[in-house]
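Just so you know, these numbers use all the heavy atoms, side chains as well, and skip hydrogens, waters and symmetry mates. Ligands are counted one by one from 1 in listed order, and the atoms in each one are counted from 1 as well.
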Amino acid sequence: IIGQGLTGTWLSYFLHKQGISFKIINDPKTVSATSVASGVINPVTGRRIVQTWMIDTLLPFAIDAYRAFQQDENVPIIKEAPILSIHPSLQMRESFDYRLTHDNIYLKENDHSSLGEYFNTPFGTGEIDQCYWIDLIQFLKAGQQKISNHFIEDYFDVSDMILNEQGVQWKNINAEKIIFCDGINTMNNPYFKSLPFVPNKGEALIVKIKGLKPTNIYKTNITIVPWKDDLFWVGSSYEWSFSDALPSQGFKEKMITALNAVLKLPYEVVEHLVGIRPANTERRPFVGLHPKYPQLGICNGMGTKGCSLAPYFTKQLIDHIEQGTMIEPEADIKRFSTLLST
Ligand SMILES: Cc1cc2nc3c(=O)[nH]c(=O)nc-3n(C[C@H](O)[C@H](O)[C@H](O)COP(=O)(O)OP(=O)(O)OC[C@H]3O[C@@H](n4cnc5c(N)ncnc54)[C@H](O)[C@@H]3O)c2cc1C
């Protein structure tokens with residue numbers, strides 16, 4: 001496995017559980033999305049507040065998987081945390097109110113008077129249920145500890161890889177298959193670079209807010225997520241066009257303006273994070289084996305939804321390799337067979 005972000009960690013966890021031998025190679029100096037993500041699973045999305053793709057299947061699978069991981073590793077990583085939506089405009093409030101009575105099982109009304117102590121709520125509030133917070137820092141740490149005998153800290157250079165009839169060789173390691181879970185780095189991989197990746201830069205601030213309850217996620221035109229102790233993750237940006245993966249002063253100022261407008265409590269910025277999301281034009285994952293080189297596989301393209309997508313699709317990929325079961329057609333890289341074969 002190349003990469004130990006969300007996807008590589010889930011792949012290694014399931015392989016380990018199934019007793020399938022593997023090595024996982026990760027270079028901590030290479031840019032990662034997981035290490036800066038807020039870790040929220042939110043079943044609805046967008047201005048129209050519609051349910052996210054396949055959520056009725058993905059959500060129960062993800063909850064079971066994170067809870068099983070938590071139990072196996074004896075480390076708390078998943079917490080149910082309803083999102084309190086502080087409507088940022090009249091239009092968003094109307095959108096929420098409409099969705100309350102149309103094709104919705106996740107939204108509900110709430111009593112916003114309790115929030116008035118902490119936030120300005122001129123357009124009212126609502127609640128999104130069945131939302132979860134995943135402690136990704138703990139998840140990556142525990143995931144790495146679990147498979148420490150199989151873990152190699154190194155940079156994987158594709159040009160050092162030799163494909164042969166038995167599979168693939170890299171340095172002194174021989175494997176039947178190699179699965180790329182290296183996030184946005186796959187864009188430089190000659191075997192998979194024709195997949196329609198579109199990197200998306202995301203920044204966030206870690207902010208100390210004394211007195212704000214860590215029981216909920218708060219969402220307005222920014223999202224405030226309990227991090228640890230009295231620290232909160234505040235973000236984010238979605239930049240499709242950028243020239244570097246560095247923290248920007250513009251983002252910081254934008255967040256401070258937004259916090260000043262909505263938050264009644266004093267706060268202090270303590271850290272500024274940046275990551276690149278492995279997004280793509282279709283907003284669907286890239287899962288499967290290369291049509292021409294079946295010893296090469298990929299589980300990637302998780303975009304903005306790695307927390308809910310990664311457990312389900314890493315398991316699908318393993319089942320596909322082991323038992324020949326089908327990969328969800330919308331996620332299967334078979335759809336790019338022509339592109340990948342030329
Ligand atoms: C600011 C921000 C907020 C986000 N919030 C959320 C959220 O709340 N909920 C959600 O579901 N998703 C969120 N996401 C998206 C989520 O982070 C991604 O979908 C997910 O983390 C992708 O995981 P991955 O393992 O595929 O890729 P990555 O996390 O990028 O992992 C790739 C790994 O591969 C390693 N690597 C890369 N190249 C090499 C190489 N050549 N050799 C060795 N190792 C290599 C990297 O070091 C890294 O560890 C957010 C993303 C950002 C940037």
Side-chain angles (χ1 to χ4, degrees), residues 1-12 23-43 45 52-53 55 58-59 62 66 81 83 131-137 139-140 143-144 151-161 170-171 178-189 192 197 199-206 217 219 222-227 233-239 242 245 247 251 255 272-280 283 285-287 298-314 317:
I1 305 170
I2 311 305
Q4 197 237 327
L6 249 169
T7 311
T9 305
W10 273 117
L11 193 62
S12 64
K23 294 279 179 209
I24 181 163
I25 301 157
N26 189 70
D27 173 26
K29 293 187 289 302
T30 310
V31 67
S32 147
T34 310
S35 53
V36 303
S38 54
V40 174
I41 300 181
N42 176 0
T45 186
T52 61
W53 179 63
I55 194 63
L58 297 175
L59 188 61
Y66 285 104
I83 293 181
C131 298
Y132 291 83
W133 179 67
I134 311 300
D135 187 339
L136 290 173
I137 306 290
F139 172 69
L140 292 182
Q144 193 184 112
F151 184 82
I152 299 167
E153 186 174 312
D154 203 348
Y155 180 78
F156 181 89
D157 190 333
V158 182
S159 60
D160 295 337
M161 174 180 82
W170 179 76
K171 296 191 175 172
I178 188 158
I179 311 293
F180 290 95
C181 301
D182 50 347
I184 212 59
N185 191 61
T186 297
M187 285 181 76
N188 305 318
N189 182 326
F192 290 108
F197 276 102
N200 180 282
K201 180 176 175 182
E203 299 184 52
L205 300 179
I206 301 298
I217 294 159
K219 193 168 171 57
I222 54 172
T223 306
I224 303 176
V225 182
W227 201 236
W233 181 104
V234 176
S236 175
S237 55
Y238 298 87
E239 280 181 69
F242 53 91
F251 171 80
M255 289 301 106
H272 190 160
L273 310 172
V274 192
I276 310 290
R277 301 176 183 93
N280 63 80
R283 294 191 158 88
F286 298 145
V287 185
I298 187 167
C299 200
N300 208 322
M302 302 294 156
T304 58
K305 304 261 177 284
C307 291
S308 52
L309 295 170
Y312 186 80
F313 284 106
T314 48
L317 180 58

Give the atoms of ligand 1, by number and element, whose distance to some non-hydrogen atom of [X] is under 4.0 Å.
X      : value
Met302 : 19 (O)
Cys307 : 9 (N), 10 (C), 11 (O)
Gly39  : 7 (C), 8 (O)
Ser236 : 1 (C)
Thr30  : 37 (C), 38 (N), 46 (C), 47 (O)
Asp154 : 42 (N), 43 (C)

Which residue and atom name correspond to the protein heavy atom nearest [atom], and how close is it?
atom                    : result
atom 49 (O) of ligand 1 : Asn26 OD1, 2.8 Å
atom 2 (C) of ligand 1  : Arg277 NH2, 3.6 Å
atom 10 (C) of ligand 1 : Thr304 O, 3.2 Å
atom 8 (O) of ligand 1  : Ser38 OG, 2.6 Å
atom 6 (C) of ligand 1  : Ala37 CB, 3.8 Å
atom 27 (O) of ligand 1 : Gly183 CA, 3.7 Å
atom 22 (C) of ligand 1 : Pro278 CG, 3.9 Å
atom 21 (O) of ligand 1 : Thr34 OG1, 2.8 Å

Assess whether side chain to side chain contact (heavy atoms under 4.5 Å, CB included) is satisfied between Arg283 and Lys305, documenting all intermediate values.
CA-CA 9 Å; Arg283 294 191 158 88; Lys305 304 261 177 284; over 6 Å; no

If you take the nearest heavy atom of each of Ala62, Ala33, Ser308, Gly303, which one is closest to atom 19 (O) of ligand 1?
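Among Ala62, Ala33, Ser308, Gly303, the closest heavy atom to atom 19 (O) of ligand 1 comes from Gly303.
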
Please state which option from Asp157, Ile276, Leu136, Thr7 has its nearest heavy atom closest to atom 24 (P) of ligand 1.
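Nearest heavy atom to atom 24 (P) of ligand 1 lies in Thr7.
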
Any donor-acceptor pair under 3.5 Å linking the side chain of [X] with the backbone of [Y]?
X      : Y      : answer
Trp233 : Thr223 : no
Thr52  : Thr45  : no
Asn26  : Gly3   : no
Tyr132 : Leu59  : no

Record the part of [X] in heavy-atom contact with ligand 1 below 4.0 Å; permitted values are side chain, backbone, both and neither.
X      : value
Asn185 : side chain
Cys299 : neither
Phe313 : neither

[X] to [Y] - nearest heavy-atom pair and separation:
X      : Y      : result
Cys299 : Ile179 : N-CG2, 4.1 Å
Pro226 : Ile217 : CD-CG1, 4.1 Å
Ala279 : Asn200 : CB-CB, 4.2 Å
Phe251 : Glu203 : CZ-O, 3.1 Å

Should Trp133 be listed as contacting ligand 1, given a heavy-atom distance under 4.0 Å as the test?
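False for this residue.
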
Can an N or O of Gly306 be found at a distance shorter than 3.5 Å from an N or O of ligand 1?
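Between Gly306 and ligand 1 (N or O atoms, distance only) the closest approach is under 3.5 Å.
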
So, regarding Leu6 and ligand 1 (criterion: nitrogen or oxygen to nitrogen or oxygen, under 3.5 Å), is there a contact or not?
yes

Check: Phe139 ring centre within less than 6.0 Å of Trp10 ring centre
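Judged by ring-centre distance (under 6.0 Å), Phe139 and Trp10 do meet the cut-off.
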
I want to know whether Phe192 and Phe197 have ring centres closer than 6.0 Å.
no

Residues forming a salt bridge (Lys or Arg N to Asp or Glu O under 4.0 Å) with Lys171, sequence neighbours excluded
Asp154

Could you check whether Asn185 and Thr30, counting side-chain N and O atoms only, form a donor-acceptor pair closer than 3.5 Å?
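No.
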
